[in-house]
Amino acid sequence: MTINQLSIFIENRSGTLIKVLEVLKQSGIQIVASTIADTAEYGIYRLICSEPLRAYEELKKAGIAVAQSDVFAIELDNQPGRAADAVEAFSKAGISITYLYSFLLNGKGILIFRTDNAEQARQAIIQNGLKFIAEKDLSLLA
């Protein structure tokens, strides 16, 4: 079970991020989680939001370069080392993690990640008793 994430390509200059945020604000779309990875010339603003398909359309209409991708979201107990345990389970299964970000929500750790082998990751999540977060569950939290 995966969730839909948006990746927005923005130039590293003043005002580009606010344009994205204003489109989402005007559309009434709530951001659940986000992260920015950057290089010298551009950034990739990854986000999970309340209505990813509508957000994608609104951003496209505004002329913003955006892509959709499927990522995994798992829930962890809020205890030291739980993220390490989850990542170790993927590592032992030979699964590479392309990128990862996390946050706390309602007393639980949420780990969002992308991998080069979704089916193998899905199996590792099940075999290690980890809990999937469904997109509808994240949308309800927004």
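Remember, predicted model here, so these are calculated numbers, not experimental data.
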To check you understand the geometry: which heavy-atom pair defines the closest contact between Ser34 and Leu47, and what is its length?
CB-CB, 3.8 Å
Fellow cluster residues of Leu53, listed by chain then number, with links counted only when side-chain atoms sit under 4.5 Å apart:
none
Check whether any side-chain N or O of Ser27 sits under 3.5 Å from a backbone N or O of Val23 as a donor-acceptor pair, and report yes or no.
yes
Any donor and acceptor pair, going by atom type alone, linking the side chain of Thr115 with main-chain N or O of Ser96 inside 3.5 Å?
yes
Please check if the side chain of Gln120 supplies one atom and the backbone of Ile95 the other of a donor-acceptor pair under 3.5 Å.
no
Going by heavy atoms in the side chains, are Val20 and Val66 under 4.5 Å from each other?
no
Which residues share a salt bridge (Lys or Arg N to Asp or Glu O under 4.0 Å) with Lys19, sequence neighbours left out
none
Using side chain to side chain contact (heavy atoms under 4.5 Å, CB included), reason through Leu130 and Leu111 one step at a time and then give a plain yes or no.
CA-CA 11 Å; Leu130 299 170; Leu111 202 67; over 6 Å; no
Which atom pair, heavy atoms only, marks the closest approach of Pro52 to Asn4?
CB-OD1, 3.7 Å
Tyr99 six-ring centre to Arg46 NZ/CZ under 6.0 Å and within 45° of normal:
yes
Side chain proximity check, Leu21 to Tyr45, heavy atoms < 4.5 angstrom
yes
Heavy atoms of Leu6 and Cys49 approach each other most closely as CD1-SG, 4.3 Å
Hydrophobic cluster (4.5 angstrom, side-chain heavy atoms) - remaining members for Leu104:
none
Would you say Leu24 ends up clustered with Ile10 if hydrophobic residues are merged whenever their side chains have heavy atoms under 4.5 Å apart, either directly or through other cluster members?
yes
Is Ile29 reachable from Leu17 through a run of hydrophobic residues whose side-chain heavy atoms are each under 4.5 Å from the next?
yes
Looking only at heavy atoms, which two atoms of Met1 and Phe132 are closest? And how far apart?
O-CD2, 3.3 Å
Among pairs that include at least one residue of residues 8-44, which meet ring pair (Phe, Tyr, Trp, His ring centres under 6.0 Å), considering only residues two or more places apart or in two chains?
none
Mind listing the side-chain donor-acceptor pairs of residues 69-83 below 3.5 Å, one per line with the distance, residues two or more places apart or on another chain?
from  : atom 1 : to     : atom 2 : distance (Å)
Ser69 : OG     : Gln5   : NE2    : 3.4
Ser69 : OG     : Arg114 : NH1    : 3.4
Asp77 : OD1    : Lys108 : NZ     : 2.9
Arg82 : NH1    : Asp85  : OD2    : 3.3

Only counting residues at least two apart or in another chain, list the ones meeting salt bridge (Lys or Arg N to Asp or Glu O under 4.0 Å) with Glu119.
Arg122
Same cluster (ILVMFWY, side-chain, under 4.5 Å), Phe113 and Ile36
no
Indicate yes or no: at least one non-hydrogen side-chain atom of Phe90 is less than 4.5 angstrom from one of Leu100.
no
Would you call Lys92 and Glu88 a salt bridge, taking side-chain N to carboxylate O under 4.0 Å as the test?
yes
Min side-chain heavy-atom separation Thr35-Phe103 under 4.5 Å
no
